[in-house]
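Report on one structure; see the data block that follows.
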Amino acid sequence: MAKFETQVGIVGAGPAGLMLSHLLHLHGIASVVLEAKQRAYCEERIRAGVLEHTSVETLRNAGVADRLMREGLRHEGIELGLHGRLHRIPFVELTGKAVTVYGQQEVVKDLISRRLSDSGDLRFDCGEVSLHDLEEICPSIHVEKEGNVDIISCDFIAGCDGFHGVSRSSIPAQALTVYDRTYPFAWLGILAEAPPSREELIYMRHERGFALYSMRSPRVTRLYLQCKHDEDLAEWSDDHIWNELHTRLGCSDGWHPTGGKILQKNVTGMRSFVVEPLQFGRLFLAGDSAHIVPPTGAKGMNLAFADVHYLAEALHERYRNNNGAKLDAYSATCLSRIWKAQRFSWWMTSLLHLFEDASPFDCKRQVAELEYVMRSRAAATSLAENYVGLPLD
Ligand code: FAD
Ligand code: DHB
């Protein structure tokens with residue numbers, strides 16, 4: 001058994017845990033990051049791809065955006081599609097702000113590399129984590145591996161271990177209120193070796209189901225199809241996927257996505273989920289451990305960055321001035337933003353997906369709403385300001 005001490009014990013080396021560890025380091029606060037998976041797994045896991053203006057600013061202010069500024073693709077708008085016709089939502093014209101396409105795994109690589117060059121304590125492949133004495137002054141994290149147990153005593157613990165992590169489930173159920181909604185469909189996502197043939201993302205409503213055209217780099221496209229919630233990937237050959245993408249994304253002007261070798265396929269479920277509060281004693285939840293959004297609004301990773309921005313500020317205030325007011329307000333501060341992102345993600349999902357139980361009235365209303373967003377500057381501005389990211393209060 002080995003004993004360690006740190007100021008903040010962080011469970012999980014995803015975007016939330018790594019960024020928190022880096023922000024704390026900038027404030028002179030020590031942390032240990034415990035990650036169940038190996039480094040390579042964390043750096044290769046393909047997930048989100050759109051960074052809000054707000055997240056880019058957070059990463060820039062923290063000095064970890066050099067490669068992002070060089071390699072990230074600045075997008076000044078998106079296109080919405082209906083009946084094969086596209087309508088552009090010009091973010092910069094409507095809000096003065098843009099978003100950046102840069103893969104989550106690239107952000108993770110940048111943060112890991114920076115933490116290691118700053119001699120950060122990152123423990124990959126750490127073993128089994130359990131949390132103890134969360135309501136005491138000195139909580140601890142136990143890490144068991146091959147019969148050995150390390151005990152890390154902390155002032156505070158940050159649960160940044162995603163939706164299936166150990167942190168949220170360490171809180172007694174009666175201390176949390178859960179808000180949960182699942183959707184009766186999923187996304188089949190592919191990564192393809194095909195240069196983007198369109199400058200911006202396309203969110204297409206189609207009678208056969210929603211489709212999204214996105215990209216990762218000048219050589220790689222990322223595309224998604226609405227599919228059944230229990231879709232069997234084995235039933236989707238590469239040809240079948242490309243045919244369906246051509247059908248749903250094909251435009252009346254003749255454009256359709258360029259095909260290419262499919263590098264990866266996966267199915268992602270759709271869920272809206274929040275627990276309240278984000279604090280139990282000295283444990284603070286951040287990112288997917290506390291909330292999940294359906295991916296349509298591209299908010300998941302961005303919300304994780306907002307949470308840890310607030311948490312780092314609050315911990316800084318606590319250590320610098322012995323003032324715990326921001327820490328006490330952490331949950332309420334985050335939840336105010338989380339619910340706005342939940343509303344937006346639910347709204348984008350409802351606007352664009354095919355709902356099997358939709359009545360003819362629902363379908364007409366959905367089309368009317370999409371046409372309204374396409375034609376009204378006020379409605380388009382509302383979409384744009386949520387998409388580029390609400391300011392951090
Ligand atoms: P995570 O990235 O989940 O990181 C949590 C970390 O904790 C992981 O590294 C995990 O291995 C580790 N961990 C878990 N349990 C333990 C434990 N017991 N002990 C130690 N470590 C542990 N968002 C979008 O905006 N667009 C998308 O296209 C998109 N696609 C997604 C596809 C998938 C399959 C998933 C699951 C999510 C997707 N998201 C997407 C959401 C986005 O990726 C997340 O919101 C984001 O990863 C949240 O970051 P996080 O750091 O909170 O959690
Ligand atoms: C991507 C994912 C999203 O959920 C989204 O809304 C836009 C783009 C992507 O993976 O590129």
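In this text the structure is predicted, and so the values were computed from the model without any measurement. Every number for a ligand or one of its atoms is a count from 1 in the order of the listing.
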Flag Thr296 as yes when one of its N or O atoms lies below 3.5 Å from any N or O atom of ligand 2, and as no otherwise.
yes

Best match, Arg47, His164, Lys299: closest heavy atom to atom 3 (O) of ligand 1:
Arg47

Out of curiosity, is Tyr224 lining ligand 1, as in a heavy atom under 4.0 Å away?
yes

Heteroatom distance test (Ala36, ligand 1): nitrogen or oxygen, under 3.5 angstrom:
yes

Are any of the N or O atoms of Tyr203 closer than 3.5 Å to those of ligand 2?
yes

Have a look at ligand 2 and work out which part of Tyr102, if any, has a heavy atom under 4.0 Å from it: side chain, backbone, both or neither.
neither

Given Gln104, Gln105, Met19, identify the one with the heavy atom nearest to atom 47 (O) of ligand 1.
Gln104

List the steps and the verdict of side chain to side chain contact (heavy atoms under 4.5 Å, CB included) for Tyr102 and Val56.
CA-CA 10 Å; Tyr102 190 67; Val56 173; over 6 Å; no

Test of proximity, Ala16 against ligand 1: N or O pairs below 3.5 Å
yes

With nothing but distance in play, are any N or O atoms of Trp187 less than 3.5 Å from an N or O of ligand 1?
no

Run the numbers for me: atoms of ligand 2, each under 4.0 Å from some heavy atom of Arg216, listed by number.
9 (C), 10 (O), 11 (O)

Is there a donor-acceptor pair under 3.5 Å between the side chain of Gln342 and the backbone N or O of Phe273?
yes

Nearest non-hydrogen contact to atom 27 (C) of ligand 1 from the set Cys42, Ala48, Ala13 belongs to Ala48

Contact check: Asp288 vs ligand 1, nitrogen or oxygen atoms, below 3.5 angstrom:
yes

Atom 39 (N) of ligand 1 touched by protein (heavy atom, under 4.0 Å):
no

